[in-house]
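Atoms considered below: every heavy atom in the structure, side chains included; atoms not considered: hydrogens, waters and symmetry mates.
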Amino acid sequence: MSAGPPERGSAAEAGAVGASARRLGGHERVTGAQKFLADLRLDDLLHVKLVTVDCARARIDRVDAGAALAHPGVVDVITADDLPKPMPRFGPAFADRPVLAAGETAYHGEPVAAVAATSRDAAEAGARLVAVEHEVLPAAVTIRDALDPRAPLVQDPSLRPGDPLAGTNVLRERRYGWGDVDAEAADLVIEHTYRFPMVTHFAIEPHGAIAAVDDGGLTFWSPVQHPYLLQRMMAELFSLPLAKVRVVAPDPGGGFGGKQNPKFEPLLAFLAMRTGRPCRLVLTLEETFQAVRRAAAEIRVRSGFTADGRIRFHDIQSDYLLGAYADIAERVVAKSNYLACGPYRVPSARVRARAVLSHTTPSTAFRGFGTPQITWAVESQLDEAARRLGLDGLSIRLRNLAAKGEPVVPGDVPADGHWAQSVRKAAEAVGWGAPLPPGRGRGIACGIKAGATTGLSYATVRLLFDGSVLVLAGTSDMGQGARTIFAQIAAGELGVPLDRVRVVMGDTTIVPFDLQTSASRSTVFMGTAILRACDDIQRQLRELAADRYGVDRDAVAVERGRVRVGARQVPVVEVVQAGLGRLRGELIGNGVMRKTDVPDHPLGGDAAFYEFNCTAFEVEVDTDTGELLIHRHVTVGDVGRALNPLQVESQDEGAAIMGLGHALMERLVLDDLGRIRNLGALDYRIPTTKDVPSELRALMVENQDGPGPYGSKGVAEGGLLCTAPALAAAVTQATGAVIRDLPLTPERVWRQLHEPGPA
Amino acid sequence: MTATRVLHLTVNGTRRSVAIEPHRPLLDVLREELDLTGTKECCAVGECGACTVLVDGRAVNSCLVLAVEVAGATVTTVEGLAPGPDRLSRLQDAFLERGAVQCGFCIPGMVVSARYLLATNPSPTVEEVREALSGNLCRCAGYNRIVDAVLAAARAEH
């Protein structure tokens, strides 16, 4: 039983759940003391540089490392010939990614070899000296190219035995649906194709990792979001017991999904084994862009509506452009398109979603996990229906929104929030319905994403002899503030001031198992595990107190840091010390949250919760330049309970601005050799302080109706799910121009205004 | 390997001397030779601001400055901003108080850029703060809390 909120004015209250407690680790971050991966120093370290070729796809004929090995400071050069045969492959869902390009490169930036040297300069010089004889081959880098029957195959069919699609570049096709789309009567049918660009995560910390041989096993230092996945994959790849594979995971300097899955750790492990020294790779920003990105998409939607704006059906053909290796990208397609119809009542649906391979950077998880792409398409359809039927974006959404308890996918988890509340809150905050100054428009949109569908988190809480607390939790804190809310939970449950709680993360030999940090799951899964660990400690406290005071265990209650025995109230620390006695010691509590598979569910399990967001804009368009001036940007999340309101708002604001990035300015540009032309910060633009809307508000609805601690839900992806369609709707209202391809660059907006294509 | 030369400079109030090759950027020398890893490397082309330090009181992108160019100069990094061990400057404290810090990787550069702004313009407007920080990229925050923190620190210092 949870202890409930602490006494008003107590030290415990200042840090407890619901308070905007100061970020744990904040002090280290403002003083420069926080150690990120590239800040770590190890003895005897070798620096690694990747060797790549300047095109997407090439046949590798010969790799000559002679000149590189002769360069002062170069200790080793590893090529495909130095690796076991067949080439070892790995991946979180399909073991398709080779440690080094095997015979052919499959994307611009795929490593062909790697150099290890005593300095960065020597490694870079050595890498330039590795001669790779290669022949450039035709590459498929767009959806159309990849789907062409004559297209070169991105993956050898032998990698996909028994797969009927193995002779194509379609990795998988998912089919979802209900009702009968073809039998639905509709007064209005709208059909359009929408495009979402290739964008990249651009965490400010570039990727990197270190591997070392150690004690008969391997140690990895990697800001990986899933340390235990890395541990398992490396144990399997190198045939080591889990106990001999250690992953030390420093807090990432931003992850957003791009740091979930192993990429270069296996290569570093081979180098570490060959050289006997720790090997460290830190990518440049350009190399990081070549390593991770979001799937681009082309989505054709045919939607039917009644004359009064009710959705009758959606018929969706959704193609997502993955990269050369699957990574977790097929799951991205599956999970997001499962909820393609959005948070609405939709009588009939047909969704065909294809994960299409291409000779490009492997796409991976990226905040929103495929949802921004499909939401861009389907929400835009709603706005067009509204325009054609004489409704507005708000009323058509309220008319169709699923009420709490109503299905969004028949037979599956129903709507788990009073979503209309969030929609009304967003509408009010943006001033919906108020007279619009000339040249301005408003738009509103909704987005929904399923939280984790299965999962497992363990937590250990140690109540020490002086009443201070250690929380061991395997989550990765990449800025979302997991460490802080975990401390807040323990502080509140055990009645300890926040500054007497320490959270230990990021070491698989010390911290118990956590499946992963993704899907906005950690508040619910790890938070619950910590709550249960605290419950375990409270049980032990009751036993100690029962022994000590000679009463029945049931006569003892533990709340707000005090143990109540009849009329007596004794501080927890007193019970601990009296109970444990002269030999001292501690109380150790363990907690687990497990959500298991649902057999026959297309996603393997049903959603633990939904993340629901409503975003609204008021925008002004400069018709001479196509530039947008955003007067108001509002985002509202249905969060259940904000365990740390400041952190929730901060994350939602960040998501909102990140959404503006792909809505307004971001896209990777490829040439016909499949090379990314805008690598790096000069040519790939993300929002700066000068791109922030005049007014940006991140709001929330809290109904304590989530499955997490104190009624919380997962948060922090919602803010970018529907940014783009809300913004485009505002642009359309302001100018009449309808745009179906992102980003809404000034050029694109200008062209649509002055040289409009077909309506 | 090119011949090294000895570089003398003052870093965070301490005279330092280090033998380096002339092509090394200041960022690299701070992080690798002087063990001041607070300043970060991200874009390496002077766009992101993660590497911002003060040289003779002026904010520079240390990835674009050769260390030999600052011979004899006074350099301040994020490690040199706090008034003492275990203490924070008003600016650093404001960043924490206002929720401006998330992953933290951009923060050293942000705080140094903000320090420079307040040293040259003690009462900036919102627009002036945004302009001054426009060379510091952040991917986590919406920027507004960072701007708030700088404004709050400006008010506190007056």
Side-chain angles (χ1 to χ4, degrees), chain A residues 20 22-23 25-36 38-41 72-73 120-122 201-206 251-256 282 284-286 477-481 646-647 649-658 661 680-682 686-692 696 698, chain B residues 1 21 23-24 28 31-32 35-48 50 77-82 86 88-89 91-93 95-109 111 127 129-147:
Chain A
S20 289
R22 272 208 188 188
R23 181 177 297 269
H27 187 107
E28 292 83 339
R29 283 157 170 80
V30 295
T31 56
Q34 179 68 25
K35 297 294 182 203
F36 295 90
D39 304 327
L40 299 177
R41 299 288 173 260
R120 275 173 60 176
D121 282 349
H201 303 64
F202 200 158
I204 307 302
E205 180 201 31
D251 288 359
F256 315 113
V282 175
T284 64
L285 187 65
E286 288 81 359
D477 194 334
M478 60 194 112
Q480 84 280 37
L646 178 59
Q647 288 188 171
E649 286 164 12
S650 305
Q651 281 275 293
D652 280 348
E653 285 166 7
I657 295 299
M658 189 177 261
L682 280 167
I686 63 172
T688 71
T689 52
K690 297 177 80 165
D691 299 305
V692 178
L696 169 64
Chain B
M1 211 170 95
E21 293 159 292
H23 68 274
R24 301 276 296 280
D28 201 42
R31 287 180 53 80
E32 305 301 326
D35 217 30
L36 293 166
T37 58
T39 310
K40 303 306 179 196
E41 178 167 351
C42 171
C43 77
V45 291
E47 272 297 303
C48 74
T77 70
V78 63
E79 290 96 337
L81 293 183
D86 271 349
L88 296 177
S89 68
L91 183 60
Q92 288 167 313
D93 191 74
F95 266 66
L96 292 180
E97 191 58 37
R98 295 287 163 150
V101 178
Q102 294 189 47
C103 85
F105 202 81
C106 77
I107 292 298
V111 175
E127 284 317 310
V129 176
R130 287 186 181 175
E131 182 68 39
L133 297 184
S134 61
N136 290 85
L137 296 179
C138 173
R139 200 52 157 159
C140 291
Y143 290 112
N144 283 344
R145 288 173 198 277
I146 294 172
V147 172

Engineer: Relative to chain B, which of A:E286, A:R41, A:E28 shows the most heavy atom pairs under 4.5 Å?
Structural biologist: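 Going by pairs under 4.5 Å, I would pick A:R41.
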Engineer: Please evaluate residues B:L81 and A:T31 with respect to the criterion side chain to side chain contact (heavy atoms under 4.5 Å, CB included), reporting the C-alpha separation (whole Å), side-chain torsions for both, the decisive distance (0.1 Å), and the verdict.
Structural biologist: CA-CA 7 Å; B:L81 293 183; A:T31 56; over 6 Å; no
Engineer: Could you walk me through whether A:K690 and B:E131 pass the side chain to side chain contact (heavy atoms under 4.5 Å, CB included) check?
Structural biologist: CA-CA 7 Å; A:K690 297 177 80 165; B:E131 182 68 39; 2.7 Å; yes
Engineer: Any donor and acceptor pair, going by atom type alone, linking the side chain of A:E205 with main-chain N or O of B:F105 inside 3.5 Å?
Structural biologist: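 No, the answer is negative, given that no donor and acceptor are paired below the 3.5 Å cut-off.
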Engineer: Please determine, among A:S650, A:P252, A:G654, A:G26, the option with the most heavy-atom pairs under 4.5 Å with chain B.
Structural biologist: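 Heavy-atom pair counts peak at A:S650.
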Engineer: Using the test side-chain contact (heavy atoms from CB on, under 4.5 Å), find all partners of A:D39 that sit at least two apart in sequence or belong to another chain.
Structural biologist: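 A:K35, A:F36, B:R31, B:T37, B:K40.
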Engineer: At a 4.5 Å cut-off on heavy atoms, which part of B:D28 comes close to chain A: side chain, backbone, both, or neither?
Structural biologist: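 B:D28 touches chain A through side-chain heavy atoms alone.
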Engineer: Please look at A:H201 and chain B and tell me whether the side chain, the backbone, both or neither of the residue comes under 4.5 angstrom of a heavy atom of that chain.
Structural biologist: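 It is the backbone, since no side chain atom gets that close.
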Engineer: Is a side-chain donor or acceptor of A:R29 paired with a backbone partner of B:C103 at a separation under 3.5 angstrom?
Structural biologist: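 Yes; at least one donor-acceptor contact below 3.5 Å.
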Engineer: Please step through side chain to side chain contact (heavy atoms under 4.5 Å, CB included) for the pair B:N144 and B:R130, ending with a clear verdict.
Structural biologist: CA-CA 9 Å; B:N144 283 344; B:R130 287 186 181 175; 3.6 Å; yes
Engineer: Chain B heavy atoms under 4.5 Å from A:D121: which part of the residue, side chain, backbone, both or neither?
Structural biologist: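 Contact with chain B: side chain only.
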Engineer: Any idea which heavy atoms bring A:A681 and B:E47 closest together, and the distance?
Structural biologist: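 Looks like CB-CB, 3.6 Å.
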Engineer: Could you tell me whether the side chain of A:R23 and the main chain of B:V101 form a donor-acceptor pair under 3.5 Å?
Structural biologist: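 Looks like yes, one N/O pair under 3.5 Å.
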Engineer: With chain B as the partner, which of A:D251, A:T284, A:V692 has the greatest number of non-hydrogen pairs under 4.5 Å?
Structural biologist: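 Answer, by heavy-atom pair count under 4.5 Å with chain B: A:V692.
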Engineer: Measure from the side-chain N and O atoms of B:N136 to the backbone N and O of B:G109, and report whether any donor-acceptor pair falls under 3.5 Å.
Structural biologist: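 It does hold such a pair.
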Engineer: So which of A:V30, A:L682, A:L285, A:I657 has the largest heavy-atom pair count under 4.5 angstrom toward chain B?
Structural biologist: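 Top option by heavy-atom pairs under 4.5 Å: A:V30.
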Engineer: For chain A, which of B:G104, B:S89, B:G80 has the most heavy-atom pairs under 4.5 Å?
Structural biologist: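 Ranked by contacts with chain A, first place is B:G104.
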Engineer: Check each atom of B:R24 against the heavy atoms of chain A and say whether the ones under 4.5 Å are side chain, backbone, both or neither.
Structural biologist: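 Looking at B:R24, just its side chain touches chain A.
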Engineer: Which residue out of B:C140, B:P108, B:G38 racks up the most heavy-atom pairs below 4.5 Å with chain A?
Structural biologist: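 Result: the option with the highest number of such pairs is B:C140.
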Engineer: Top residue by heavy-atom pair count (under 4.5 Å) with chain A, among B:Q92, B:Q102, B:R98, B:E97?
Structural biologist: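 Most heavy-atom pairs under 4.5 Å with chain A: B:Q102.
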Engineer: Sort B:E41 into side chain, backbone, both or neither according to what part of it lies under 4.5 angstrom from a heavy atom of chain A.
Structural biologist: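 Looking at B:E41, backbone and side chain both touch chain A.
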Engineer: Measure A:A38 against the heavy atoms of chain B and call it side chain, backbone, both or neither at under 4.5 Å.
Structural biologist: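 Both backbone and side chain of A:A38 come within 4.5 Å of chain B.
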Engineer: Between B:L133 and chain A, which part of the residue has a heavy atom less than 4.5 Å away: side chain, backbone, both or neither?
Structural biologist: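 For B:L133, heavy atoms of backbone and side chain both lie under 4.5 Å from chain A.
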Engineer: Considering only heavy atoms, which portion of B:A44 lies under 4.5 Å from any heavy atom of chain A: side chain, backbone, both, or neither?
Structural biologist: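 Neither part, no heavy atoms under 4.5 Å.
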Engineer: Any sub-3.5 Å donor-acceptor pair from A:E653's side-chain atoms to A:L696's backbone N or O?
Structural biologist: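 It does not hold such a pair.
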Engineer: Quick one: does A:Q647's side chain get under 4.5 Å of A:Q480's, heavy atoms only?
Structural biologist: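 They are not in side-chain contact.
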Engineer: Under 4.5 Å, counting heavy-atom pairs only, tell me which of B:I146, B:T39, B:I107 racks up the most with chain A.
Structural biologist: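 Highest number of heavy-atom pairs under 4.5 Å: B:I107.
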Engineer: Using a 4.5 angstrom heavy-atom cutoff, name the option from B:D93, B:V129, B:T77 with the most pairs to chain A.
Structural biologist: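 That would be B:D93.
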